[in-house]
Structures are given as structure tokens and as C-alpha cells.
Amino acid sequence: MKIISHRILIAVVCFSVLFLGCIEEENNKIEFPIDTPEEAIEYAKTDNNTKKWIEEWSELDYHIVECTVLNNQSIWTVEFKMNVSPYDFQPVYIIDMHSNGTILFRGRGI
């Protein structure tokens, strides 16, 4: 009896994970490969570190600007920075990703 209840519990957990994974994938709406700057920005914003960085600076009333560059036809660089004087040092968050969604680099800088 104990083995059956463990198997049922494992099955419920597995189906829950699959179901929640499907819901999250539907909300993502990014189709691979990433073909446009808008898709690259939207996908970068799904990264937890990127979300945290944007939230931290937005809470301080900074307007965040997004920039994208496509390198070598398959590597996207997305940069998030504050909309302040171009002569001021400003924090920046950079994320590099392959057009298939693989994140190659993420980091903060000034």
C-alpha cells in the first residue's frame, strides 16, 4: 500500500510539473530562433537576473532603455541601461544569447 501511494504521489508531481511547464511556455510567446530585436528583448526579460536588475533600478524611478545588436547572424546582445545623461557613468546590464535561446553571457557593468 505504501509503494502505491508513493507512486501516485510521484505521478501527481510529474504531471503538475508538465502542466505548469506548458502554461509557462504559452506565456513566453517567444518562438525560436529569435529573429527580431523585439523578440530578443522579450526573451532577455524572461531571465530572472535580468528581471531583478530591471526591478531594482525601476524602483528607484529610473527609466530603463533597451538596445539590441545582432552579431554573426545568430548571437544577440541585449543591453539594459538607464535613460540619463550620456556623459554620466551608468549601470548597465548585458545579456548575450544565441538565436536558439541559449544564454551565453549575462553581467552587470558601468
Side-chain angles (χ1 to χ4, degrees):
M1 187 70 162
K2 192 174 186 179
I3 293 173
I4 293 173
S5 64
H6 280 122
R7 287 184 181 173
I8 292 172
L9 178 62
I10 290 170
V12 169
V13 169
C14 290
F15 284 121
S16 298
V17 168
L18 289 173
F19 179 72
L20 292 174
C22 292
I23 291 173
E24 187 175 334
E25 187 175 318
E26 288 177 10
N27 290 337
N28 192 353
K29 308 245 190 233
I30 301 295
E31 294 184 21
F32 299 105
I34 297 171
D35 296 323
T36 66
E38 293 80 15
E39 287 178 349
I41 291 169
E42 203 59 37
Y43 185 69
K45 287 181 177 180
T46 64
D47 177 64
N48 288 332
N49 295 321
T50 306
K51 285 181 194 177
K52 183 178 176 185
W53 189 90
I54 291 171
E55 288 172 4
E56 288 173 355
W57 289 105
S58 295
E59 287 174 359
L60 297 173
D61 291 331
Y62 284 101
H63 175 71
I64 307 299
V65 178
E66 304 126 355
C67 309
T68 58
V69 176
L70 177 61
N71 303 316
N72 302 327
Q73 300 297 324
S74 62
I75 307 296
W76 288 94
T77 298
V78 181
E79 185 177 286
F80 298 93
K81 59 186 176 180
M82 271 75 73
N83 189 16
V84 295
S85 170
Y87 303 107
D88 293 338
F89 290 106
Q90 56 183 307
V92 65
Y93 189 85
I94 299 170
I95 186 165
D96 292 333
M97 68 189 94
H98 194 276
S99 61
N100 68 8
T102 304
I103 294 177
L104 304 170
F105 170 82
R106 66 172 71 92
R108 301 171 183 235
I110 293 182

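Nothing here was measured: the structure is a model prediction, and the numbers come from that model.
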OG1 (Thr50) and CD (Glu55) are apart, to the nearest 0.5 Å, by 11.0 Å

Output for pair (Phe105 CZ, Thr77 OG1), nearest 0.5 Å, gives 9.5 Å

_Side-chain donor/acceptor of Trp76 to backbone N/O of Ile34, under 3.5 Å_ = yes

Should Phe80 and Leu70 be counted in the same cluster of Ile, Leu, Val, Met, Phe, Trp and Tyr side chains packed under 4.5 Å apart?
yes

Verdict with reasoning, Tyr93 to Asn49, per side chain to side chain contact (heavy atoms under 4.5 Å, CB included):
CA-CA 9 Å; Tyr93 189 85; Asn49 295 321; 3.1 Å; yes

Between Lys81 and Cys67, the two heavy atoms sitting closest are CE-SG, 4.0 Å

Distance col, row Ile95:CD1 vs Leu104:CG, nearest 0.5 angstrom, shows 9.5 Å

Those residues at least two apart in sequence (or on a different chain) that pass salt bridge (Lys or Arg N to Asp or Glu O under 4.0 Å) with Asp35 are none

Distance col, row Tyr43:OH vs Ile103:CD1, nearest 0.5 angstrom, shows 5.0 Å

- How far apart are the C-alpha atoms of Ile94 and Arg106, what are their side-chain angles, what is the distance that settles it, and do they pass the side chain to side chain contact (heavy atoms under 4.5 Å, CB included) test? CA-CA 6 Å; Ile94 299 170; Arg106 66 172 71 92; over 6 Å; no

So CD1 of Ile54 and CD of Glu66: to nearest 0.5 Å the spacing works out to 6.5 Å

Taken to the nearest 0.5 Å, the spacing of Glu39 CD from Phe32 CZ works out to 9.0 Å

Q) What's the verdict on side chain to side chain contact (heavy atoms under 4.5 Å, CB included) for Met82 and Ile64, showing C-alpha distance, side-chain angles and the deciding distance? A) CA-CA 5 Å; Met82 271 75 73; Ile64 307 299; 4.0 Å; yes

Same hydrophobic cluster for Val78 and Trp57, using side-chain heavy-atom links shorter than 4.5 Å among ILVMFWY?
yes

